[in-house]
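The structure under discussion appears below in the form of structure tokens.
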Amino acid sequence: MLPILQQISVTCFTASYLVVLAIELLRLVGRRLPGRGLAGLVMMTIGIFTHVVYLSLRATMVDPGSAGGPDIGRLATWTDWSLMVALGLAIAYFILYLRRPDTVIGFFFLPAILAMIALAMSVQHLPAFDRTEATEFWRSVHAISMMVGSAAVLFGFLAGAMYMVQSWRLKQKRAGSALRLPTLETLQNLNRRCLVVSTVAVGIGLVSGVVMNLNRLGEIPWTNRGIMLSGVLFVWLASATAVEFLYAPASRGRKVAYLTLASFGFLVLAMSGVLTTSHGGAASETESPVANPSQASVELHETFSATTQRGVA
């Protein structure tokens with residue numbers, strides 16, 4: 001990473017969010033100030049970027065356990081988790097602001113973001129979780145997030161299939177038969193929600209999977225087919241969600257149905273990669289068989305003792 005990025009601290013993104021809050025407070029002046037919206041977007045982008053870089057640096061820092069210190073997990077402190085919650089709120093606010101820049105949601109989101117950062121700084125004295133606890137925590141987050149994301153994709157697939165059937169029945173004037181389906185508007189809204197939920201859940205699943213591997217292996221096996229296909233699934237879902245919001249309302253329904261149907265295909269592709277590799281297993285092929293030297297020494301000693309006893313007998 002560039003040396004200049006290693007100088008990023010909590011102060012950088014906190015100051016950016018404070019500037020955005022100040023810009024939002026200018027709405028109370030009652031006059032339209034030129035460039036206010038653009039300035040807010042630029043400062044929010046800087047804040048999120050520096051926030052992500054700071055957490056990435058904390059996730060990839062040298063493991064304290066390698067120098068004989070405690071075997072501390074990565075991103076395994078209350079400070080780290082509070083900062084990640086703040087980052088999630090910042091990203092959510094940024095997306096909502098892009099959709100509706102005329103709203104005053106910043107009055108609610110920005111104080112909450114700053115409060116989470118203040119909480120992160122106030123709990124710095126609390127001890128960190130060890131590597132095993134951190135690995136188990138992130139494994140649970142990864143599993144739950146991917147489960148929710150997969151369920152949302154499947155739900156969206158069913159809603160998309162019903163949308164196509166109902167659209168065809170309306171064209172054929174058969175929608176009034178005894179076999180009724182939800183209205184096209186209901187199915188369209190359901191498709192949109194499924195896209196958003198699946199994108200967020202799979203994104204959280206990917207991030208938690210990365211942190212889990214950093215705690216368990218000390219590295220990220222990017223060449224693992226399951227990880228690559230899960231990444232492809234997230235990219236597709238994020239792209240599909242963006243396309244859905246860009247379409248005009250008049251042409252959105254059928255396009256969203258096509259996107260959710262295609263998302264199911266990407267889910268099947270990703271699941272096939274997970275199920276046909278060691279991804280998600282109890283032990284990864286990339287792990288060293290002697291990850292714990294002291295345990296290996298004990299096992300070797302026990303094996304030698306057992307062999308000696310059998311020889312004497």
Side-chain angles (χ1 to χ4, degrees), residues 1-25 43-95 105-145 200 203-220 291-292:
M1 189 172 290
L2 296 176
I4 190 174
L5 296 181
Q6 297 178 356
Q7 305 302 318
I8 291 176
S9 64
V10 176
T11 305
C12 298
F13 52 85
T14 302
S16 299
Y17 297 146
L18 283 171
V19 171
V20 176
L21 179 58
I23 292 174
E24 285 295 295
L25 290 175
M43 292 306 301
M44 199 66 198
T45 302
I46 294 174
I48 292 176
F49 173 75
T50 52
H51 203 152
V52 170
V53 171
Y54 178 79
L55 287 174
S56 300
L57 288 172
R58 287 183 65 87
T60 56
M61 65 182 179
V62 178
D63 183 13
S66 62
D71 194 18
I72 297 175
R74 305 189 186 192
L75 293 183
T77 67
W78 290 110
T79 295
D80 295 325
W81 295 345
S82 299
L83 289 177
M84 282 186 284
V85 173
L87 177 61
L89 290 174
I91 294 174
Y93 164 69
F94 186 70
I95 294 174
I105 58 174
F107 291 165
F108 300 89
F109 271 86
L110 290 167
I113 295 169
L114 294 171
M116 290 306 303
I117 296 176
L119 175 63
M121 296 299 98
S122 65
V123 297
Q124 285 182 317
H125 63 284
L126 296 179
F129 294 94
D130 61 33
R131 181 183 295 275
T132 302
E133 292 173 332
T135 300
E136 292 303 319
F137 171 80
W138 288 111
R139 179 182 285 115
S140 299
V141 174
H142 176 70
I144 293 173
S145 300
V200 173
I204 294 174
L206 274 180
V207 173
S208 57
V210 167
V211 180
M212 179 190 69
N213 279 297
L214 285 174
N215 279 290
R216 185 177 58 160
L217 309 175
E219 61 180 2
I220 306 170
N292 191 336

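Predicted model, so just to flag it, every value in this text is computed and none were measured.
For the atom pair OH (Tyr54) and OG (Ser9), the distance works out to 7.5 Å, reported to the nearest 0.5 Å. Atom CG of Leu110 and atom CD1 of Ile23 lie 10.0 Å apart (nearest 0.5 Å). To the nearest 0.5 Å, atoms CD (Glu24) and CZ (Phe109) are separated by 12.0 Å.
Here the closest non-hydrogen pair linking Val20 and Met44 is CG2-N, 3.6 Å. In plain terms, the two heavy atoms of Ile117 and Ala86 that are nearest each other are CG1-CB, 4.0 Å. The two atoms that bring Ser82 and Trp78 nearest to each other are OG-O, 2.8 Å, heavy atoms only. Pairing each heavy atom of Leu21 with each of Pro111, the nearest pair is CD1-CD, 4.4 Å.
The shortest side-chain heavy-atom distance between Met116 and Leu83 does not fall under the 4.5 Å cut-off. Residues Ile8 and Leu5 are in side-chain contact: their nearest non-hydrogen atoms beyond the backbone lie under 4.5 Å apart. In this structure, Leu87 and Val52 have side chains that are in contact, with non-hydrogen atoms separated by less than 4.5 Å. Side-chain contact between Phe137 and Asn215: absent, with no pair of heavy atoms (C-beta onward) separated by less than 4.5 Å.
Contacts classified as side chain to side chain donor-acceptor pair (under 3.5 Å) and involving residues 10-19 (residues at least two apart or in different chains) are given here: Tyr17-His51. Judged as a side chain to side chain donor-acceptor pair (under 3.5 Å), not a single pair has a partner in residues 109-127 (not counting sequence neighbours).
Summarising the local packing, CH2 of Trp81 is surrounded by more than 12 heavy atoms from other residues, nucleotides or ligands at distances under 6.0 Å. Applying the 6.0 Å contact sphere to CZ of Phe107 captures more than 12 heavy atoms from other residues, nucleotides or ligands.
Listed for the Thr79 side chain is a donor-acceptor partner under 3.5 Å among the backbone atoms of Ala120. For His142 (side chain) and Ser208 (main-chain N/O), no donor-acceptor pair under 3.5 Å exists by modelled atom type. Side-chain atoms of Thr50 come within 3.5 Å of backbone N or O of Gly47 as a donor-acceptor pair.
Among Val207, Leu214, Asn213, the one residue that satisfies the side chain to side chain contact (heavy atoms under 4.5 Å, CB included) test with Val210 is Leu214.
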- Kindly indicate, with the supporting measurements, whether the criterion side chain to side chain contact (heavy atoms under 4.5 Å, CB included) is fulfilled by Phe13 and Ile46. CA-CA 7 Å; Phe13 52 85; Ile46 294 174; over 6 Å; no
- Task: Given side chain to side chain contact (heavy atoms under 4.5 Å, CB included), test Leu89 with Tyr93 step by step and report yes or no.
- Result: CA-CA 6 Å; Leu89 290 174; Tyr93 164 69; over 6 Å; no
